[in-house]
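Start at 1 and go down the list; that is how both ligands and their atoms are numbered. Residue numbers start at 1 and run along the sequence shown.
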Amino acid sequence: MGRKWTMAVLLAAGLVLSTGGVSAQGNGGAPNQNAASAFDNKIIKKISADNMYNHIAYLSEVPRQAGTEGEVRGVRYIESHFKQYGYETEVQPFPIYSVIRNNASGLLEIGGQNLRPYVMSGSYSGEATAEVINVGLAQKGTVPDAVKGKIALIERGDITFVEKIQNVFDKGAVGVIMYNNSGTSNAFGQAAYGQNIPAVSITRAQGLSLVEQLKNGPLTAHIKVTGSGLEEKTSYNVIAKMKPHKNKDTGQIVMIGAHHDSVANGPGANDDASGVSAVLELARVMANMPIDTELRFVTFGSEELGLLGSYHYAGTLSSEEADRMVAHFQMDMIGSKDAGGNNKANGLIMYTIDGKKNLVTDLASAAGARTALGEVVPYGQLGRSDHQPFHELGIPAALFIHSPLEKWYHTPADTIDKIDKNKLQETAEIVGASVYQIARPDTPSLIHSRVAPKPVDYDFENRPPGA
Ligand code: BES
Ligand code: ZN
């Protein structure tokens, strides 16, 4: 079975290459689809796993948690290398907010009784004494003007906590009491930066009791929150651009990404200094190549906090710019010697958000067979990295990673000694060859194609998501 699909993919890859790659074989007969073309060689022969390893060694000396000096140290290193390779660079700052919870305590007194509320994560520390008003689910457009100067009693559900708080804050509420929509817990909820009113949560039973009491007449509450808040910090994306020659420009943009932040106290050698090292190495190798496509090499900050850097970057793109993006290659955890198990392709897999193949997986799967890995690369369905925001913009995107994960994932033991240069080399070759296949001037423009130039046939077409 393996052979059947291998052939199918390779034949299809041959079709993709038929715009120029095959003549490089020079044998006058059928080209060997399993071998690197002369075009591939222009890239892959220059890729050095030692360079990548050295980048990882430097970056993993210090944790790079978003918003810390460690991140800044990494950002400086990355930018200086992009510059050294001749790229136009941009360090793009964006705000992040970390929760302060120092013996956080909350008081909610109504009728001489303390309801012992939970302090919502990130709640402003402050105090208010005011009448309570029931505003239901606090959806936009339903909050009455009468909430001004009052404490809003809100039911959990339908929209986010932050949206609910914002809707009453915008109308002048001085405090928030949120009650649960099920169960017996009072520990839930979060507030956002700038929502400068105390916000506490209570159980469903407590909330329904207040709703009933309010039917009989006004209630005054005293809320007090201490030891809680949100601190603003700055995180960064690092962007390097290479524009094509203006006579050759197809208008296309290809993105090559990784995230440079690590978890707290994690040296993040594999997660994701490995991906950053490949972004840097591919930037070095591809600098000054003749291309018809703009290349953007980007390392994102705050991926570990919820893909914040990539969402920020995606949010800065104009729709015209996003429309010109034909592919996003995300490399995240591409070098662990302890990941991948005994799976084929050394455990390398490409994950898409919808579990469907796309331009990125088609090109890279075929490139896997022509380069150091020597095998097609399978695909599956998973988010959890910076390919997500690009997928949401309609850009073909995939995450390159080894599965199963190493046991050092998100631990202080994610260190340089666990890095395998072969895995780095294999992945960088695959991504490099795929990017060059789009960007080299002799292949046709892909704008708006949203699919591979020719279909690639995988045997696992109908397998369950994530399998
Ligand atoms: N490198 C991981 C992503 C990952 C982990 C992909 C395991 C596939 C399998 C990434 O840095 C990460 O840890 N992401 C977070 C999610 C994010 C939205 C905060 C995660 O998976 O917990
Ligand atoms: Zn990661």
Q) Mind checking whether T352 and T361 have side chains closer than 4.5 Å, heavy atoms only? A) yes
Q. Does E304 approach ligand 1 within less than 4.0 angstrom via side chain, backbone, both or neither, non-hydrogen atoms only?
A. both
Q: Give the name of the N/O/S atom in H259 that lies closest to the Zn ion (ligand 2).
A: NE2
**Q.** For atom 21 (O) of ligand 1, the option (of R384, Q388, M333, H387) bearing the nearest heavy atom
**A.** R384
Q. Which is the closest N/O/S atom of D271 when seen from the Zn ion (ligand 2)?
A. OD1
Q.
Between H259 and Q330, is there a side-chain donor-acceptor contact under 3.5 Å, judged purely by atom types and distance?
A. no
Q) Are the side chains of V326 and I395 in touch, meaning some heavy atoms are under 4.5 Å apart? A) no
Q.
Need the ligand 1 atom indices (1-based, order shown) with element for anything under 4.0 Å from a heavy-atom of L382.
A. 6 (C), 8 (C), 9 (C)
Q.
Below 4.0 Å, non-hydrogen atoms only: which portion of Y409 touches ligand 1? Side chain, backbone, both or neither.
A. side chain
**Q.** N/O donor-acceptor pair under 3.5 Å between R324 side chain and G251 backbone
**A.** yes
**Q.** Validation row, ring centre H81 to ring centre H55 under 6.0 Å
**A.** yes
(Q) If I take every N, O or S atom of E303, is at least one of them less than 2.8 Å from the Zn ion (ligand 2)? (A) no
